[in-house]
Amino acid sequence: MLIPHDTRIALDTVVDLVNTAPETDQGDGLANVAALYEFARGHDISGVGELGHRDLKAVQDVRGRFAEIFAATDARSAAEMVNELVAAAGTTPQLTDHDGYDWHVHYFAPGASIADHLAADCGMALAFIVVAGEQERLRRCEAPDCGRAFVDLSRNRSRRYCDSRTCGNRLHVAAYRARRKEAAG
């Protein structure tokens, strides 16, 4: 699956945003305005001005809507949710080549809030996944104690864990130990 650079960045951002939710194993990653600034800095979100509690609440709401899209059981449901989210953000597609990046599309209006910025750009990245008939690539980790969101970009759509080095290895080691224990006993 060929994904343009800007769409890949937006997909990574939406996954990281969904994974800040308090349902994950680490508590709320966007518990305060300072955490929101850190998220924006860490994801090179351009045009972020002064942020406040209203911005934090709006981003937390957008995060919840994205989590619903990852939980959608079919493409039609995902498409409806993406359409609502992107329309509410007031998308204004424009070509830009800022900060050393080649030409790419921003979908948010100039001067948009951080919540609208995320809703528009990340929503459009998810829209491209749905349009490509790849909605099932929006997944949650199958490790029983995890549930983190990820986009399965493997060739055969077989990825089951958010990170094969942590969740995947942990489950494989546990299964191996259980087999050895059963064989020994």
Side-chain angles (χ1 to χ4, degrees), residues 1-21 24 29-30 35-49 51 55 58-60 62-72 75 78-79 81-141 148-168:
M1 175 173 198
L2 181 62
I3 299 175
H5 175 73
D6 55 326
T7 302
R8 179 59 194 258
I9 289 173
L11 287 173
D12 290 344
T13 301
V14 73
V15 164
D16 289 348
L17 179 62
V18 169
N19 288 334
T20 65
T24 62
L30 291 179
L36 180 58
Y37 272 116
E38 185 60 34
F39 183 87
R41 231 182 339 273
H43 290 84
D44 293 325
I45 298 174
S46 60
V48 174
L51 298 175
D55 295 300
V59 170
Q60 290 170 336
V62 166
R63 173 182 69 186
R65 308 265 321 264
F66 282 134
E68 292 172 7
I69 294 166
F70 271 81
M81 289 185 269
V82 168
N83 284 342
E84 290 173 13
L85 190 62
V86 169
T91 58
T92 307
Q94 57 184 333
L95 289 169
T96 183
D97 67 341
H98 63 89
D99 298 330
Y101 292 109
D102 243 348
W103 288 106
H104 60 281
V105 180
H106 280 185
Y107 294 96
F108 57 93
S113 70
I114 188 170
D116 285 345
H117 178 137
L118 290 167
D121 270 3
C122 296
M124 287 305 298
L126 294 177
F128 292 129
I129 295 292
V130 173
V131 166
E134 303 285 356
Q135 182 261 333
E136 73 275 359
R137 289 182 183 269
L138 305 178
R139 300 206 175 144
R140 292 291 188 152
C141 184
R148 292 174 60 84
F150 67 93
V151 178
D152 178 5
L153 297 176
S154 67
R155 180 171 284 175
N156 63 358
R157 297 177 192 91
S158 62
R159 187 170 160 198
R160 298 176 47 207
Y161 307 110
C162 63
D163 185 353
S164 61
R165 290 177 301 216
T166 54
C167 291

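Side chains included, hydrogens not; waters and symmetry mates left out as well; all remaining heavy atoms used. In this chain, numbering begins with 1 at the start of the sequence shown.
Residues Ala149 and Val18 come closest through the heavy atom pair CB-CG1, 3.7 Å. Considering every non-hydrogen atom in both Thr91 and Ala120, the closest pair reads CG2-CB, 3.8 Å. Closest non-hydrogen pair, Ala78 versus Val130, comes out as CB-CG2, 4.1 Å. In terms of heavy-atom proximity, Cys162 sits nearest to Cys141 at N-SG, 3.3 Å. Ala125 and Ala10 make their closest contact through CB-CB, 3.6 Å (heavy atoms, listed as atom of the first residue, atom of the second, distance). Between Ala109 and Gly90, the shortest heavy-atom contact is CB-O, 4.0 Å.
Note that CG of Asn19 and CZ of Arg63 are 10.0 Å apart. Values are rounded to the nearest 0.5 Å. Atoms NE2 and CG, from His106 and Asp6 in turn, are 7.5 Å apart once rounded to the nearest 0.5 Å. The line from CG of Asp163 to CZ of Phe150 is 10.5 Å long, rounded to the nearest 0.5 Å. Here CG of Leu153 is found 4.5 Å from CD1 of Ile3. Values are rounded to the nearest 0.5 Å. Rounded to the nearest 0.5 angstrom, Ile69 CD1 and Leu126 CG are separated by 5.5 Å. Atom CG of Leu36 is separated from atom CD1 of Ile45 by 8.0 Å, given to the nearest 0.5 angstrom.
Taking the side chain as every heavy atom from C-beta outward, Pro110 and Gln94 approach each other to under 4.5 Å. Put simply, the side chain of Asp116 does not reach to within 4.5 Å of the side chain of Tyr107, judged on heavy atoms. Between Phe66 and Leu85 the shortest side-chain heavy-atom distance falls below 4.5 Å. Contact of the His104 side chain with the Asp121 side chain is not registered, since no non-hydrogen atoms from C-beta on lie closer than 4.5 Å. Contact of the Leu30 side chain with the Phe39 side chain is registered, since non-hydrogen atoms from C-beta on lie closer than 4.5 Å. For the pair Leu118/Ile114, a side-chain contact is recorded, criterion being any heavy-atom separation below 4.5 Å from C-beta on. Between Pro93 and Met124, every side-chain heavy-atom pair lies at or beyond the 4.5 Å cut-off. Residues Leu17 and Val59 form a side-chain contact, since some pair of their non-hydrogen atoms from C-beta on lies under 4.5 Å apart.
Few gaps surround CZ on Arg157; more than 12 heavy atoms of other groups in view lie less than 6.0 Å from it. Residue Arg41 qualifies as enclosed at atom CZ: its count of foreign heavy atoms under 6.0 Å is above 12.
For the residue pair His5/Asp102, the side-chain donor-acceptor check at 3.5 Å is not satisfied.
Looking only at distances, no side-chain donor or acceptor of Asp152 sits under 3.5 Å from a matching main-chain atom of Arg160. Under a 3.5 Å cut-off, the side chain of Arg137 and the backbone N or O of Ser154 do form a donor-acceptor pair. With hydrogens and angles disregarded, a donor-acceptor distance shorter than 3.5 Å links the side chain of Arg139 to the backbone of Arg159. Using a distance-only test at 3.5 Å, with no hydrogens or angles considered, no donor-acceptor pair links the side chain of Glu84 to the main chain of Arg65.
Using cut-offs of 30° and 60° on the angle between ring planes, the pair Phe108 and His117 is parallel.
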